[in-house]
2 protein chains.
Amino acid sequence: MPEPAGNRRRGPRRTLTEDQILDAALTLLDEGGSDAASVRGIAAKVGVAPNGVYTYFPDKAAVVKALVERLLGEVDHGIFVDRGQPWRQRVESLALDLRTRLSAHPGVVPLMIGGPMDGPNALALNERLLEVLADAGVDPADAARAAYLLIVYVFGSIALEVADLHQPGPLPPERERIDTRLRAFAATPAERYPHTAAAAAELAGYISTDQYLWGLRRVLDGIATTAARAGEADS
Amino acid sequence: MPEPAGNRRRGPRRTLTEDQILDAALTLLDEGGSDAASVRGIAAKVGVAPNGVYTYFPDKAAVVKALVERLLGEVDHGIFVDRGQPWRQRVESLALDLRTRLSAHPGVVPLMIGGPMDGPNALALNERLLEVLADAGVDPADAARAAYLLIVYVFGSIALEVADLHQPGPLPPERERIDTRLRAFAATPAERYPHTAAAAAELAGYISTDQYLWGLRRVLDGIATTAARAGEADS
DNA sequence: ACCTGAACACCGTTCAAGT
DNA sequence: ACCTGAACACCGTTCAAGT
């Protein structure tokens with residue numbers, strides 16, 4: 001809780017930083033879910049009048065955009081860049097890092113996929129992905145599409161996972177998370193949806209990260225398959 | 001435009017249907033994007049006081065949920081159930097049908113992935129997917145995970161595609177759609193993001209459905225790979 | 001330049017009526 | 001039972017001030 005109001009005069013003081021505003025927004029999002037970051041709430045949290053925020057950002061969309069960018073900037077490029085590792089492992093590292101970071105702030109996820117991710121940090125991630133795929137020997141045309149496929153998978157997974165919770169607050173521990181998704185399956189009449197009921201039984205012991213990695217590996221298998229039959233027509 | 005107001009008295013008349021309310025919501029969503037379906041807007045569109053909507057739905061979330069369910073109920077199970085077709089083609093049919101239907105209503109997409117898809121029609125789709133995978137000989141444990149992977153891919157693709165547009169109104173034609181995504185790539189400094197710039201060049205001629213099907217086929221390849229090495233440990 | 005008070009045009013939802 | 005008017009507690013944003 002930075003500055004519970006009090007020491008605010010009138011004149012020019014440059015009391016705030018853009019980052020303090022983003023901190024406030026993130027805190028509200030973490031506490032109350034994706035709708036909780038109101039301009040008025042943020043303003044109150046940093047100890048400023050509702051319209052004081054507009055000194056630092058042109059509108060609410062800009063605040064959200066900056067916050068998303070800041071979060072994407074936190075991913076660890078280190079492991080990802082290491083060419084000593086096999087390419088699949090490098091992609092898995094990125095995917096896991098991204099998931100861990102975003103899962104820590106589930107309220108941000110709907111905002112992230114609510115708009116285009118075209119900031120510099122988003123582009124940097126895309127660039128890294130393309131690098132790894134190039135190192136893996138995937139030809140440029142396929143690499144461009146494979147990178148997008150991976151982005152769809154990573155953000156799609158996280159988005160659906162967050163959606164199945166319908167908020168707010170931090171994500172529950174792993175074990176509970178998969179149960180959430182299976183509750184709908186298990187609650188389903190086995191006569192009408194026999195496969196779904198069976199699937200619920202099959203998945204009973206699993207954990208969400210297992211599902212995430214399993215899917216990612218299937219995607220990587222698919223990409224590798226294309227690389228293997230290099231140059232063949234696809235359709 | 002159903003009923004531009006006028007003939008409304010007081011007493012019990014059961015003027016409206018749930019479906020008329022959903023129609024109004026959908027129209028607003030199509031015209032103004034995912035934020036445009038306000039309770040007040042819907043009420044005005046069906047010619048009722050703002051709180052009149054609450055006679056038919058307990059709250060706005062219920063309206064959204066019902067609309068999503070109705071949309072998911074429209075998918076054509078016919079082609080999908082046909083066991084004469086090879087399993088990959090059956091999955092592709094479902095995936096394409098779903099994409100066509102959702103792309104027609106981009107404003108609904110963020111609402112769809114904004115909450116859990118656990119209604120009967122969503123479960124029915126899941127059941128169908130599992131049926132196809134069972135027919136394909138995928139073992140039940142893998143099928144359960146493969147079905148979720150496919151769901152992630154389909155809804156993730158559509159969500160990101162809609163997000164890259166940031167609304168409102170109907171989706172532009174195919175040719176323009178891929179250009180939207182590439183604009184960010186192309187506008188990027190080639191010295192800092194050489195792979196990204198190269199990828200933009202590679203994708204220049206493509207169309208969004210091509211990318212969608214390419215990714216789907218990689219996912220199917222990945223699933224098939226697992227089926228092929230049946231029973232081996234995955235990690 | 002920075003910040004405020006006040007206002008504008010919106011929200012979703014509730015509640016005590018009226019028919 | 002169905003629908004309304006009025007109100008409540010919110011929104012994002014603008015604008016004319018004050019320092």
Side-chain angles (χ1 to χ4, degrees), chain A residues 2-22 24-25 28-29 31-67 107 110-111 114-115 166-168, chain B residues 2-22 24-25 28-29 31-67 107 110-111 114-115 166-168:
Chain A
E3 308 303 316
N7 59 339
R8 38 168 153 158
R9 271 161 280 144
R10 280 271 212 179
R13 290 195 299 117
R14 200 63 184 180
T15 343
L16 271 40
T17 330
E18 275 86 353
D19 263 317
Q20 287 179 55
I21 290 175
L22 299 185
L28 289 169
L29 253 12
E31 286 168 350
S34 59
D35 288 336
S38 68
V39 173
R40 298 174 110 103
I42 293 167
K45 194 133 226 161
V46 296
V48 111
N51 46 3
V53 174
Y54 292 87
T55 309
Y56 301 87
F57 292 96
D59 53 24
K60 187 187 174 176
V63 177
V64 168
K65 196 169 179 168
L67 180 59
L111 306 178
H166 57 335
Q167 341 221 104
Chain B
E3 308 302 317
N7 58 340
R8 40 167 150 156
R9 271 162 280 144
R10 280 271 212 177
R13 287 195 302 116
R14 200 64 184 178
T15 344
L16 271 38
T17 331
E18 275 85 352
D19 263 317
Q20 286 178 57
I21 290 175
L22 298 185
L28 289 168
L29 253 13
E31 286 169 348
S34 58
D35 289 336
S38 67
V39 173
R40 298 173 110 103
I42 294 167
K45 193 132 226 161
V46 296
V48 110
N51 47 3
V53 173
Y54 292 88
T55 309
Y56 302 86
F57 293 96
D59 52 25
K60 188 187 174 177
V63 178
V64 168
K65 195 168 179 169
L67 180 59
L111 306 177
H166 55 335
Q167 343 219 101

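So you know, we letter chains A, B, ... as the sequences are listed, proteins then strands, and number each from 1.
Under the salt bridge (charged side-chain N to carboxylate O under 4.0 Å, His left out) criterion, Asp59(A) pairs with no residue, sequence neighbours left out.
The shortest non-hydrogen separation linking Ala43(B) to Ala49(B) is CB-O, 3.5 Å. When all heavy atoms of Ala24(A) and Val46(A) are compared, the pair lying nearest together is CB-CG1, 3.7 Å. In terms of heavy atoms, Ile42(B) sits closest to Leu28(B) at N-CD1, 3.5 Å. Closest heavy-atom contact between Ala37(A) and Lys60(A): O-CE, 3.2 Å.
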(request) Could you walk me through whether Leu22(B) and Thr17(B) pass the side chain to side chain contact (heavy atoms under 4.5 Å, CB included) test, one step at a time? (result) CA-CA 9 Å; Leu22(B) 298 185; Thr17(B) 331; over 6 Å; no
For nucleotides 6-11 of chain C, tabulate all protein N/O to nucleotide N/O atom pairs closer than 3.5 Å, reporting atom names and distance.
from, atom 1, to, atom 2, distance (Å)
dC11(C), OP1, Ser38(B), OG, 3.3

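At the heavy-atom level, Tyr56(B) lies under 4.0 Å from the strands shown only through sugar-phosphate atoms.
Within the 3.5 Å criterion, the main-chain N or O of Gly41(A) finds a donor-acceptor partner in the side chain of Ser38(A). Checking side-chain atoms of Tyr56(A) against main-chain N and O of Leu16(A) turns up a donor-acceptor pair under 3.5 Å.
The CG-P distance, from Leu16(B) to dC3(D), rounds to 6 Å in whole Å. The distance between atom CG of Asp35(B) and atom C1' of dG12(C), rounded to the nearest whole Å, is 14 Å. Between Tyr54(A) atom OH and dC3(C) atom P the separation is 15 Å, expressed in whole Å.
Proximity of Thr55(B) to the phosphate of dA1(D): no side-chain N or O atom is located under 4.0 Å from OP1 or OP2.
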(message) Only Watson-Crick and G-U wobble pairs with both distances less than 3.5 Å should count. Give DNA chain D in dot-bracket notation, marking inter-strand partners with |.
(response) ||.|||||...|||||.||
